[in-house]
Structures are given as C-alpha cells and as structure tokens.
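A short worksheet on the structure shown next.
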2 protein chains.
Amino acid sequence: MAIKTKTKLTASLEDYLEAIFNLIGPGGFKVARSKDIAEVLEVSQASVTGALRTLAEKKLVNYKPYGFITMTPKGAVEAEKVAKRHEILESFFTDILGIDPNIAQQAACKAEHVLGQAVIVRLLELMDFLRDYEKDGRSLTDEFRAFYEIKG
Amino acid sequence: MAIKTKTKLTASLEDYLEAIFNLIGPGGFKVARSKDIAEVLEVSQASVTGALRTLAEKKLVNYKPYGFITMTPKGAVEAEKVAKRHEILESFFTDILGIDPNIAQQAACKAEHVLGQAVIVRLLELMDFLRDYEKDGRSLTDEFRAFYEIKG
DNA sequence: TAATATAGTTAGGCAAGCCTAACTTTGCAA
DNA sequence: TTGCAAAGTTAGGCTTGCCTAACTATATTA
C-alpha cells in the first residue's frame, strides 16, 4: 500500500480552496482570479497571494505568479470534500432546522471545518430519515416545522 | 437602556473560560488551579497564564499572580453559555446521531464556538421533537436509530 | 525552620493569518 | 505602440496563541 500523506489543512486554507473550487465552477472550465477570491472571502489580495503560495506548495492548486489559477486533481478532491460538507450542513440548517438562510450559510461556513465525516454522514442519514418517513401523509420534516412554529 | 458591551471572545478564550467553569464546578465552591486548566486543555502552564491575564483584563475571572482563580459574575454567565452550547451539541451528537462518545465530545468542543444561538435553540427543539414524538410506542429517536443501523 | 518539590510566571521565539503601502506586471485603449 | 488602469505581488508589521527554558513563589516535610 502506497504511503498516504493525509492532507491536513487549516480552516483558512480550506476556505481558500473551497472558494477557488466554487469560482472555477462545474466542469473546471473557468479560471479563478485572485481578485475574486479576495472578494468572496473578504480578505485583501495580499492575503490571497500568501494562501495561493501555500496551496501551491501543498500541490493543491497550480499557481505561478501572475498566472492562471487552476486546481490539481488532489486539490479538487479536497475542495469537493469541503464543499460537500458545507452543502450538507447548510441544507440541514435551512431545510430541517428552518434557520434563516443567511445565518445558515454563515454557520455552515464555520462548521464545515470542525465537523468530521462521522457527524456529517449521520446528519445526512437523519435528513433522509426525516424527509422520507411519512406520517399521515406528511414528512417528519413538516411535522417538525409545525412543532417548532407552535413552540417558538 | 444601559450600554451593553457584547463580550466577544475568541474560541481559545471560550475554551479557557469553560474549563475554569467546569473545574470550579456547581455552586462555585471549588477553585481552579492553573495546572489543572493546562491539563484539561492540553496546553502548557505558560499558555494558561497568558490566557488568565487576558480573561482578567476582560473582567471575566478574578486573577492575581500566584492567587486563586475564581470567576466574576460576568465570567460565569459567559462560561455557562458556552458550557450549555457544548452540552446540547454533545447530546445531539451522541443521543440523536448515535456518534461515538469520544468523537461527539471532540466535535462539540469545536462546534460550540461556531454555532450561534439560533442553531442551538432549534437543535434543542429538534431533540425534544424526536424524543417526545411517539410512533407505535417508540420515540422517533429510536426509529432513527433503527434506520441508520440498517442503512449504515 | 530550612530544604526541596511543586506550582506558577516571565522571557523570548515561532507560525498562522491578517492588514496596508508600495511596487511590478499585464492588458486594453488611444 | 505607448501609456495608464487594473490586477497581482512583495515587504513589513500586527495579533493570537502556542511553545520551551529559566526563574520565582509557595507549600510540604524532615
């Protein structure tokens, strides 16, 4: 078995990677620009340059000063993991918990870096359970909505 | 209305505050020792000293070099909030999601700093919902356990 | 009560991550 | 094609938060 160097990224680097991934978009045709990364993450362009250098060192992005920014296959895999965690969390917060979309988005942005696969996977199962399970023709998700709308 | 200076703590300071709170225990009779804080948080004693100074500046703990460490009322309020978030999250992860206790504990430790009241409150409601709602004499929590035990 | 072990502090250093200001490169328009 | 604006980089500085090593205070015990 080949040596598997587990890519351990900081929350900050995960954010950069995810932002690049989203900017490049499905298919990987588009290119990420430093300015846009800075805008999305609300940091300075100087900070982006620094992060890009680190990500390039880790072979997660292809980066040459003043050049295009693309992702390596390894980078895409990592980015997709983060993006997926984000997606699941955001969906859980909005669709199940009924949290305000803005708050849900923010919460997902933070939580995606700290909740591991075990939690995420089980959360996804919970979502399936609540959506699929019918009671009197209503999903449990709907039942829960009724529950917290009366309570809260 | 009096000016309400919102205490904004870093994740690290919240951890220290929570650790002190837990060491002091219910009733607030016990005293927190620097060594024990270091042990709980797995940091050096020097780091604890630094954190204590910061917390004292913010009037959250009573701290004099070589003296006892106790909490101010303000500190106790803040600490309790963090501890409560932790408790709810840990309970959700273990009791509802069925996550391994160690992983749940770790996840709660991290997530407690990033999930706001809106999410926590609704999570608590979800837990109530799942526990109270009976179907064929079984709680939904039990139903969900059966669901993921078959699936996973 | 004096020696020593334990607890706690100080000093100094390092990494991550952010910033602003100044500089360089690139690309578009006249 | 040249010149300027926009994009990107570099340099340097700041904060947080951690560390180790060395020092000081406290407490125990002989």
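Lettering follows sequence order; numbering is per chain, from 1. Values below: all heavy atoms of this structure, side chains included; hydrogens, waters and symmetry mates excluded.
Across all non-hydrogen atoms, the minimal contact from B:Y148 to A:R122 is CE1-NH1, 3.2 Å. Summarising the geometry of A:V119 relative to B:A107, their closest heavy-atom pair is CG2-CB, 4.2 Å, with the distance given to 0.1 Å.
In the hydrophobic clustering, A:F68 connects to A:V31, either directly or through intervening members, whenever side-chain heavy atoms lie under 4.5 Å apart. Cluster note: B:L55 groups with B:L9, B:L13, B:Y16, B:L17, B:I20, B:F21, B:L23, B:I24, B:I37, B:V40, B:L41, B:V43, B:V48, B:L52, B:L60, B:V61, B:Y63, B:I69, B:M71 through ILVMFWY side-chain heavy atoms spaced under 4.5 Å, whether in direct contact or through intervening members.
Contacts of A:T10 with the nucleic acid, taken as non-hydrogen atoms under 4.0 Å apart, involve only primed sugar atoms and P, OP1 or OP2. Within the nucleic acid shown, B:S47 comes within 4.0 Å of at least one base atom, counting heavy atoms only.
Between the B:T72 side chain and the B:K59 main chain, a donor and an acceptor come within less than 3.5 Å of each other. Put simply, the side chain of B:K58 never gets that close to the backbone of B:G75: no donor and acceptor are under 3.5 Å apart.
Residues B:S12 and B:D15 have side chains that never bring a donor and an acceptor to within less than 3.5 angstrom of each other.
Look at CG on A:L13: it is 13 Å from C1' on C:dC18, rounded to the nearest Å. Between A:K8 atom NZ and C:dA16 atom P there is a gap of 14 Å when expressed in whole angstrom units. Atom CD1 in B:I20 sits roughly 12 Å away from atom P in C:dG8 (whole-Å rounding). A straight line from CD of A:E14 to P of C:dA16 spans 15 Å, rounded to a whole angstrom. Taking atom CG of A:D15 as the reference point, atom P of C:dA16 lies 16 Å away to the nearest angstrom. Rounded to whole Å, atom P of C:dA16 lies 17 Å from atom NE2 of A:H113.
Every pair passing side-chain hydrogen bond (donor to acceptor under 3.5 Å, both in side chains) that includes a residue from residues 89-109 of chain A is listed here, sequence neighbours excluded: A:H86-A:E90, A:H86-A:Q105, A:S91-A:D95.
Each of B:A46 and A:A11 lies near DNA chain C, and the nucleotide nearest B:A46 is the one positioned closer to the 5' end.
DNA chain D is contacted by no residue of residues 51-62 of chain B, taking any non-hydrogen atom closer than 4.0 Å. A heavy atom closer than 4.0 Å to some atom of DNA chain C occurs in B:R33, B:S34, B:K35, these being the qualifying members of residues 31-42 of chain B.
With respect to B:K35 and B:E39, a salt bridge is recorded, a charged nitrogen being found less than 4.0 Å from a carboxylate O. A salt bridge links A:E14 with A:R85: at least one charged nitrogen is closer than 4.0 Å to a carboxylate oxygen.
Following chains of ILVMFWY side-chain contacts shorter than 4.5 Å, one cannot reach B:F93 starting from B:V82, and the two form parts of different hydrophobic clusters.
Distances shorter than 4.0 Å separate some side-chain N or O of B:T49 from OP1 or OP2 on C:dT9.
Scanning DNA chain D 5' to 3' for nucleotides with an atom closer than 4.0 angstrom to a non-hydrogen atom of chain B gives a first and last hit of D:dG17 to D:dA25.
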